[in-house]
Amino acid sequence: MTSSKVPALAARIERFPIAGSFTISRGAKTEAVTVVAEVSQNGLTGRGECVPYPRYGETPAATLAAIQAMEAAVASGLTRQALQAAMPPGAARNALDCALIDLEAKAAGLRAWNLLDRPMPGERTTAYTISLGTPDAMAAATAKAAHRPLLKIKLGGDGDGQRIAAVRKAAPESELIVDANEAWTEANLEQNLAACAAAGVTLVEQPLPAGKDDALARIKRPLAVCADESVHDRGSLAPLRDRYDAVNIKLDKTGGLTEALAMADAAQALGFEIMIGCMVATSLSMAPAMLVTPQARFVDLDGPLLLARDRDHGLRYDESLVYPPDASLWG
């Protein structure tokens with residue numbers, strides 16, 4: 001921490017082990033690699049965390065370098081509003097945007113939601129993720145989580161009908177949402193959607209690859225379909241209205257909370273339902289996302305629950321209930 005009147009920027013890569021492994025259609029990982037930005041001024045420090053995503057060509061090293069490249073701009077008094085034009089949407093801008101909001105809130109003696117004139121978030125039920133595996137392995141993992149009211153099931157293509165049927169049998173009372181992570185094809189789309197509908201799934205997330213999802217506009221969808229990789233910020237919303245019923249807002253895609261809140265407003269105006277989602281990360285990533293939860297039909301902020309350890313002063317989780325952050329964490 002510094003007492004300098006000139007804002008100072010620091011950034012670093014941090015690693016947090018995952019409890020077991022986390023598997024989706026694109027592969028598995030055993031640790032969460034995050035990049036943290038800190039902006040300090042007058043004895044106060046604002047923090048933000050992001051997760052670079054290889055799907056979008058991001059790496060931890062490049063993300064760290066992009067944040068560090070803003071050092072002179074931050075020292076010159078870069079505002080959160082100016083940041084939106086100074087950096088493109090993505091993980092790096094997210095960390096810096098959230099750090100600037102945290103610092104601004106601390107300097108004003110306000111909670112972040114008051115600073116941004118948003119409703120105070122309350123406790124919400126978060127989805128809990130079941131990793132992709134064989135039907136038997138997924139059923140076993142689901143059985144251990146069947147007491148949770150909302151489960152997010154990772155699917156991956158061939159055999160997904162058997163997977164979702166096995167999951168439903170293991171958790172007969174839970175609400176189910178499915179994330180295919182772009183793994184379905186136009187050839188198996190309707191068959192897989194029908195299998196999900198038969199299992200009582202509420203929502204299917206990103207069944208087809210981004211940019212190759214036209215088929216969603218040509219079929220009768222038997223349940224709600226949510227865009228994830230196909231949607232990033234406000235500019236990507238309008239073309240999706242005939243294909244999707246909902247959008248997954250993630251701060252690492254929007255480039256921070258500032259754009260995420262504006263995107264939530266725009267999405268609602270276009271008639272989309274909203275999911276607020278996350279990458280596998282610590283509570284420092286989840287905390288700003290809590291400000292979007294008052295507008296969200298689905299909350300998927302279970303990242304810290306998948307880690308072997310969270311950071312200090314992490315969010316409070318009571319089973320599947322997640323609570324707003326304490327000021328000691330963020331905002």
Side-chain angles (χ1 to χ4, degrees), residues 24-25 53 55-57 84-85 88-91 93-94 118-119 124 127 150 152-155 157 160 175-197 200-279 289 291-301:
I24 65 173
S25 63
Y53 197 23
R55 169 67 178 80
Y56 305 131
Q84 308 309 306
R93 194 179 79 184
N94 175 33
R118 291 283 172 162
R124 288 294 301 272
L150 179 62
K152 179 172 180 173
I153 313 303
K154 292 289 188 177
L155 296 182
D160 278 350
E175 182 176 13
L176 301 182
I177 56 179
V178 156
D179 187 359
N181 282 116
E182 305 181 280
W184 294 356
T185 66
E186 190 170 337
N188 65 26
L189 173 64
E190 292 185 270
Q191 175 185 345
N192 284 335
L193 287 175
C196 288
V201 171
T202 301
L203 181 83
V204 171
E205 194 178 340
Q206 197 67 44
L208 298 176
K212 299 179 180 179
D213 51 5
D214 293 357
L216 289 168
R218 299 194 299 268
I219 66 169
K220 183 176 181 180
R221 301 188 292 271
L223 71 166
V225 179
C226 177
D228 182 2
E229 286 85 354
S230 287
V231 67
H232 291 258
D233 55 12
R234 281 175 288 176
S236 57
L237 285 170
L240 303 180
R241 283 183 291 180
D242 61 343
R243 305 174 204 175
Y244 294 96
D245 310 288
V247 293
N248 188 344
I249 297 174
K250 293 178 180 175
L251 273 60
D252 283 313
K253 293 189 300 179
T254 66
L257 179 60
T258 300
E259 174 62 21
L261 291 170
M263 181 179 173
D265 293 341
Q268 284 189 318
L270 289 171
F272 289 109
E273 285 193 314
I274 292 171
M275 174 188 290
I276 177 64
C278 69
M279 306 299 289
L291 273 70
V292 186
T293 61
Q295 293 171 271
R297 163 65 176 87
F298 299 97
V299 174
D300 180 24
L301 298 178

Worksheet entry | Side chains of Ile219 and Leu193 in contact at under 4.5 Å (non-hydrogen atoms) | yes
Discussion item. Is any side-chain heavy atom of Arg297 closer than 4.5 Å to one of Leu203?
Written reply: no
Item to complete: Quick one: pull up CG in Asp160 and SG in Cys196 and give me the separation to the nearest 0.5 Å.
Response: 7.5 Å
Discussion item. If we ignore hydrogens and angles and just use 3.5 Å, is the side chain of Lys212 paired with the main-chain N or O of Glu182 as donor and acceptor?
Written reply: no
Worksheet item: Can you list every salt bridge (Lys or Arg N to Asp or Glu O under 4.0 Å) pair that touches residues 231-242, not counting sequence neighbours?
Response: Arg234-Glu259
Per-pair distances, 0.1 Å, donor-acceptor, side chain in residues 269-279, under 3.5 Å, sequence neighbours excluded:
none

Worksheet item: For Ala210, does its backbone N or O pair with a side-chain atom of Glu229 as donor and acceptor, under 3.5 Å?
Response: no
Item to complete: State, with a plain yes or no, whether a side-chain heavy atom of Lys253 is found less than 4.5 Å away from one of Met263.
Response: no
Worksheet, complete the sentence: In terms of heavy-atom contacts, Val247 and Ala267 come closest through CG2-CB, 3.9 Å
Item to complete: Take Ile177 and Phe298 through the test side chain to side chain contact (heavy atoms under 4.5 Å, CB included) and record every step on the way to the result.
Response: CA-CA 9 Å; Ile177 56 179; Phe298 299 97; 3.8 Å; yes
Fill in: Val204 side chain reached by Arg221 side chain, heavy atoms, under 4.5 Å
no
Discussion item. Working to the nearest 0.5 angstrom, can you tell me the gap between Thr254 OG1 and Leu261 CG?
Written reply: 8.5 Å
Discussion item. Contact between Val178 and Asn192 at the side-chain level, heavy atoms closer than 4.5 Å - yes or no?
Written reply: no
Fill in: Nearest atoms (heavy-atom pairs only) where Asp245 meets Leu223
OD2-O, 4.1 Å
Discussion item. Counting C-beta onward and ignoring hydrogens, is there a side-chain heavy-atom pair between Gln295 and Asp265 closer than 4.5 Å?
Written reply: yes
Practice prompt. Hey, could you give me the SG/CG distance between Cys226 and Leu240, rounded to the nearest 0.5 Å?
Written response: 10.5 Å
Practice prompt. Measure the CG-CG distance between Asn248 and Asp179 for me, rounded to the nearest 0.5 Å.
Written response: 7.5 Å
Worksheet item: Tell me, which pairs form a ring-ring contact (aromatic ring centres under 6.0 Å, His included) where one or both residues lie in residues 227-267, sequence neighbours left out?
Response: Tyr56-His232
Discussion item. Under the criterion side chain to side chain contact (heavy atoms under 4.5 Å, CB included), I'd like the reasoning laid out for Leu257 against Val292: C-alpha separation, chi angles, the key distance, then a yes or no.
Written reply: CA-CA 8 Å; Leu257 179 60; Val292 186; 4.0 Å; yes
Fill in: Distance, nearest 0.5 Å, that separates CG of Asp300 from CD1 of Ile249
13.0 Å
Worksheet item: At their closest point, which heavy atom of Asp213 faces which heavy atom of Leu208, and how far apart are they?
Response: CA-CD1, 3.9 Å
Discussion item. Is it the case that the side chain of Thr185 and the backbone of Asn188 share a donor-acceptor pair, with hydrogens and angles ignored and the cut-off at 3.5 Å?
Written reply: yes
Discussion item. For Gln84, is there any backbone N or O sitting under 3.5 Å from a side-chain donor or acceptor partner on Arg93?
Written reply: yes
Worksheet item: Which atom pair, heavy atoms only, marks the closest approach of Ser230 to Gly211?
Response: OG-N, 4.4 Å
Worksheet item: Would a 4.5 Å heavy-atom cut-off, applied to side chains only, mark Leu216 and Leu189 as touching?
Response: yes
Discussion item. Heavy-atom count check: over 12 atoms from other residues, nucleotides or ligands less than 6.0 Å from Glu186 CD?
Written reply: no
Fill in: Other residues, nucleotides, ligands: >12 heavy atoms within 6.0 Å of Gln191 CD
no
Discussion item. Once rounded to the nearest 0.5 Å, what's the spacing between atom OG1 of Thr293 and atom CZ of Arg124?
Written reply: 5.5 Å
